[in-house]
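FYI, side chains are in, hydrogens and waters are out, and symmetry mates aren't considered; it's all heavy atoms of this structure.
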Amino acid sequence: MRVLGIDPGTIVTGYGIVDDVKGKLFHVTHGLIEGKRKDSFPDRLKLIFDGLNIVIDEYKPDYIALEEVFYGKSVKSAIKVGEARGVAILCAAAAKIPMAEYAPTVVKRAVVGSGNAQKVQVSEMVKVILALSEVPEKYDATDALAIAICHCHRIKSIKSMI
């Protein structure tokens with residue numbers, strides 16, 4: 001099973017791909033789709049759309065998982081991130097790939113064991129779980145890998161109940 005995790009953002013969208021092979025998780029790739037603040041908002045959304053479609057076409061994930069909107073900053077930023085999420089959802093729907101959404105606290109609990117974990121803790125656990133030689137440079141990519149790991153755990157839990 002291959003999962004594409006997406007941490008949507010309007011300036012930086014992180015992505016990470018994890019394979020689950022008989023319960024063991026393997027890092028496939030991770031990266032960033034980076035816009036520029038000076039770019040128009042529609043141009044940034046198009047960049048996310050094009051970038052995610054390239055990742056989907058190249059790596060052919062079985063599932064896509066993304067983070068739900070976090071309302072902590074402001075309503076305006078939540079709406080903009082929601083629009084970036086909409087682009088990711090559209091990419092999943094267009095590729096006919098099943099999609100799941102997870103709250104940040106659920107992702108942190110799945111990876112670290114605590115829904116209140118700090119980003120550095122999530123990064124370190126992603127490194128350990130995926131046996132990476134170093135933590136990804138940006139939290140956006142680490143968060144995307146954490147989202148993919150969370151989905152792998154959820155699928156495993158669902159299968160064990162069947």
Side-chain angles (χ1 to χ4, degrees), residues 1-10 12-34 44-71 78 80-115 117 119 121-132 135-162:
M1 169 177 70
R2 178 166 283 181
V3 178
L4 166 58
I6 302 170
D7 181 25
T10 58
V12 179
T13 291
Y15 66 88
I17 299 180
V18 173
D19 281 350
D20 183 332
V21 180
K22 297 180 182 177
K24 182 148 174 57
L25 302 182
F26 297 92
H27 172 262
V28 176
T29 192
H30 66 271
L32 305 171
I33 300 166
E34 295 185 89
R44 284 187 269 151
L45 293 178
K46 173 88 167 64
L47 181 71
I48 295 165
F49 179 80
D50 292 342
L52 288 176
N53 279 318
I54 288 168
V55 171
I56 290 167
D57 288 345
E58 183 174 345
Y59 292 99
K60 302 184 181 0
D62 300 306
Y63 296 94
I64 293 176
L66 59 136
E67 191 169 70
E68 291 178 349
V69 173
F70 176 68
Y71 302 98
K80 287 196 178 272
V81 171
E83 291 171 327
R85 287 181 71 256
V87 169
I89 292 166
L90 175 61
C91 290
K96 295 182 174 35
I97 299 171
M99 195 207 74
E101 302 172 76
Y102 298 100
T105 55
V106 172
V107 174
K108 291 174 183 180
R109 199 172 317 119
V111 174
V112 179
S114 168
K119 287 199 175 277
Q121 293 171 298
V122 174
S123 295
E124 287 300 324
M125 283 306 296
V126 164
K127 177 184 170 189
V128 170
I129 291 167
L130 297 177
L132 300 174
V135 172
E137 187 176 317
K138 298 258 186 163
Y139 285 132
D140 306 279
T142 304
D143 289 349
L145 288 168
I147 294 162
I149 291 166
C150 176
H151 189 69
C152 289
H153 290 322
R154 287 295 170 133
I155 292 292
K156 194 181 313 179
S157 295
I158 291 167
K159 286 181 180 178
S160 71
M161 292 189 305
I162 297 174

| note | Interatomic distance, OG1@Thr29 vs CG@Asp19, rounded to 0.5 Å, equals 11.0 Å
| field | Leu4 side, atom CG; Ile64 side, atom CD1 - distance, nearest 0.5 Å | value | 5.0 Å
| Can you name the closest pair of heavy atoms from Leu47 and Glu34 and give their distance? | CD2-O, 3.2 Å
| query | Do the non-hydrogen side-chain atoms of Met1 and Lys22 ever get within less than 4.5 Å of each other? | reply | no
| Distance in Å, Asn53 CG paired with Ile48 CD1, rounded so as to fall on 0.5 Å steps | 12.0 Å
| query | Is a salt bridge present between Asp20 and Arg2, judged by a nitrogen-to-oxygen distance below 4.0 Å? | reply | no
| Below 4.5 Å, heavy atoms only, C-beta onward: do Lys119 and Asp143 meet side chain to side chain? | yes
| said: Do Val87 and Pro8 make a side-chain contact, defined as non-hydrogen atoms from C-beta onward lying under 4.5 Å apart? | reply: no
Donor-acceptor list for residues 105-112 side chains, cut-off 3.5 Å, not counting sequence neighbours:
| residue | atom | partner | partner atom | Å |
| --- | --- | --- | --- | --- |
| Lys108 | NZ | Ala117 | O | 3.3 |

| message | Between Leu90 and Phe49, is there a side-chain heavy-atom distance shorter than 4.5 Å? | response | yes
| With a 4.5 Å heavy-atom cut-off, do Glu124 and Val128 have their side chains touching? | no
| Residue list, side chain to side chain donor-acceptor pair (under 3.5 Å) with Tyr102, at least two apart or on another chain | His151
| Closest heavy-atom pair and its distance - Lys127, Val135 | CD-CG2, 3.7 Å
| query | Roughly how far, to the nearest 0.5 Å, is CE of Met99 from CG of Leu66? | reply | 5.0 Å
| query | Taking all non-hydrogen atoms of both residues, which atom of Ile147 and which atom of Gly5 are closest, and how far apart? | reply | CG2-CA, 4.2 Å
| task | Quick one: closest heavy-atom pair of Gly16 and Ala144, and the distance? | result | N-CB, 3.4 Å
| task | Using side chain to side chain contact (heavy atoms under 4.5 Å, CB included) as the criterion, point out the one residue from Leu145, Ile149, Val18 that pairs with Ile129. | result | Ile149
| said: Nearest 0.5 angstrom please: Leu32 CG to Glu137 CD, how far? | reply: 8.0 Å
| request: Please name the residue in the list Asp7, Ile33, Ile6 that meets the side chain to side chain contact (heavy atoms under 4.5 Å, CB included) test with Asp140. | output: Asp7
| said: If the condition is side chain to side chain donor-acceptor pair (under 3.5 Å), which residues does Lys60 pass it with, not counting sequence neighbours? | reply: none
| request: With the side chain counted from C-beta on, respond yes when Val28 and Tyr59 share a heavy-atom pair under 4.5 Å apart, and no when they do not. | output: yes
| remark: When rounded to the nearest 0.5 Å, the distance separating NZ of Lys80 from CZ of Arg44 is 6.5 Å
